[in-house]
Every structure is written in C-alpha cells, then in structure tokens.
Amino acid sequence: MLSSKAVLLNRIEYALVNNPLRALVQRRFEARRLLRLGGALSGGVALEMGCGRGVGVSLILDDFGAERVDAFDLDPRMVALARKRLHARAEHVRLWVGDAAQVPVPDATYDAVFDFAIIHHVPGWRRAVAEVHRVLKPGGRFYAEEVLEKFTTHPMARRLLDHPADGRFDSATFAQALRDVGLRPLASETLWQSFAWFVAVKI
C-alpha cells in the first residue's frame, strides 16, 4: 500500500491479508479490543483507511454500529475484492482507490475513522495522522490497531515484508503524534511491544 503513499503489499503480505485466518483474527481479536477500548458508535458515518478486501467495513457496520462507511485502499486489487464482498450493502458503503496521506473529502466529514494496521505502511505516516484529525468531526473517534517498530524492524519481518525503513514508531511516539495534531488518546493497549491499539477523540 510510494513517496508519501503507503507501500503496496508484496506477494507474501497480499497472501497473508487475504487469508481467512487474518479475517478471523481481525474479527475475533482486533475489532473486539478496539470496541472494548472505545465503545460502539450511535450510527453516523465512518471512514476506514486501507480497507483491504472489505472485512473491516463489515465490522464497522455490524459490530461498531456505523450507519454508513466510506473506505479506500491504495491497491486497486483490494478495492475490487471489497466491492465484490460488499455488493449487497452498496447503499451503506462507498469505496475508492486512495491514499491515507491525502483523503479527498471535506474537513469534519466523519464521526469515526478506523485504521486496521495501515498507517505503519505510510512513509510519511504523520501526514496520515493529520488527515485523520482533519476529516473527523469535533468529538469524533479514531480507532487504530497498529504494528510497532519492534516488529517492523525485526530481521525476519524485514526479510519477508515490505515496510518503510525510516521514521517508524513505538506506542509512545504514535500516541504523541495523535496529541500533536489535536487528538486526545482515551485508551491504549500494547502486545509484546510489537502491536498496539489506540482510541482517541478529536478535541
């Protein structure tokens, strides 16, 4: 998922994210943790950055309670898969090919923004965080599940996966980046210093 854009998934990552096990983990573990940390929505419109094949969009509608979800991915293959998966829900979903560092919507559009492990793919990831703040309504929530520097810089991960080499973040750095743009962290958790979950609100 180049330049300021997210890095496109390599062949191994593409296979991993389109594996049924990945969907199960996202549904049973990642989404439930974010829901516990940040609570559900009362309807409203949400954005998912990096929608992949559309599993997250379904979770945002069904588990988090959004009325409508806009979502994009840098990879046209992923957007095509998401359109196919979400065809029956087209009246509640809008999909496009796009970049997390430049979201083509007006300021204060969304009640919530979701990041299921996408921002760490963006070389200029702080721009993506700033976009989260810009597109959120005041009081809107940001739900993020992210992969931290300890994992992305591990020799095995560097050998198999493609992540930007510079400007990576740990949990504290990401939380500070949220504060720097005007998002107030409400809750966070980390696992093995390699994965983290954040819920923040636009002040």
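Count residues from 1 along the sequence. Source: prediction; values computed, not measured.
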Minimum heavy-atom separation for [X] and [Y], please, with both atom names.
X      : Y      : answer
Ala200 : Leu178 : CB-CD1, 4.1 Å
Glu149 : Arg168 : CG-CB, 3.8 Å
Val181 : His133 : O-CD2, 3.0 Å
Leu41  : Ala66  : CD1-CB, 4.0 Å
Ala177 : Val129 : O-CG1, 3.8 Å
Ala82  : Gly52  : CB-O, 3.6 Å

Between the main-chain N or O of [Y] and the side-chain N or O of [X], is there a donor-acceptor pair closer than 3.5 Å?
X      : Y      : value
Arg179 : Pro185 : no
His92  : Glu67  : yes
Arg184 : Ile203 : no
Arg141 : Ala40  : yes
Glu131 : Val103 : yes
Asp73  : Val79  : no
Lys150 : Gln193 : no
Arg83  : Leu95  : yes

Looking at side-chain heavy atoms only, is the closest gap between [X] and [Y] below 4.5 Å?
X      : Y      : answer
Arg127 : Val122 : no
Thr173 : Arg126 : yes
His120 : Phe169 : yes
Leu186 : Leu37  : no
Ile118 : Glu48  : no

Side chain to side chain contact (heavy atoms under 4.5 Å, CB included) between Val132 and Asp115, worked out: CA-CA 9 Å; Val132 171; Asp115 158 30; over 6 Å; no

Listing request: all ring pair (Phe, Tyr, Trp, His ring centres under 6.0 Å) pairs with a residue in residues 22-59, at least two apart in sequence or in separate chains.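 Every pair satisfying ring pair (Phe, Tyr, Trp, His ring centres under 6.0 Å) with a residue in residues 22-59: Phe29-Trp197.
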
Test: ring pair (Phe, Tyr, Trp, His ring centres under 6.0 Å). Region: residues 64-83. Which pairs qualify, not counting sequence neighbours?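 Those involving residues 64-83 are Phe64-Phe114, Phe64-Tyr143, Phe72-Trp96.
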
Report yes or no: do [X] and [Y] belong to one cluster of Ile/Leu/Val/Met/Phe/Trp/Tyr joined by side chain heavy-atom distances under 4.5 Å?
X      : Y      : value
Val105 : Leu47  : yes
Phe116 : Leu24  : yes
Leu59  : Phe195 : no
Leu191 : Leu34  : yes
Leu61  : Val55  : no

Arg53 side, atom CZ; Lys84 side, atom NZ - distance, nearest 0.5 Å: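 Here the rounded value is 11.5 Å.
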
Distance check, rounded to the nearest 0.5 Å: Ser188 atom OG versus Glu146 atom CD?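 Spacing of OG (Ser188) from CD (Glu146) equals 13.0 Å.
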
Just grab all the side-chain hydrogen bond (donor to acceptor under 3.5 Å, both in side chains) pairs involving residues 104-113, residues at least two apart or on different chains.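 As it turns out, the side-chain hydrogen bond (donor to acceptor under 3.5 Å, both in side chains) pairs with a partner in residues 104-113, which skip direct neighbours, are Asp70-Tyr110, Asp107-Arg134, Asp111-Lys137.
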
Trace of the side chain to side chain contact (heavy atoms under 4.5 Å, CB included) decision for Phe174 with Ile119: CA-CA 10 Å; Phe174 193 80; Ile119 287 179; 4.0 Å; yes

Run the side chain to side chain contact (heavy atoms under 4.5 Å, CB included) test on Arg89 and Val69 for me, step by step, so that the C-alpha distance in whole Å, both residues' side-chain angles and the decisive distance to 0.1 Å come before the verdict. CA-CA 10 Å; Arg89 313 185 78 166; Val69 179; over 6 Å; no

For Gln102, I'd like to know if atom CD has over 12 heavy atoms of other residues, nucleotides or ligands within 6.0 Å.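 Incorrect, the count does not exceed 12.
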
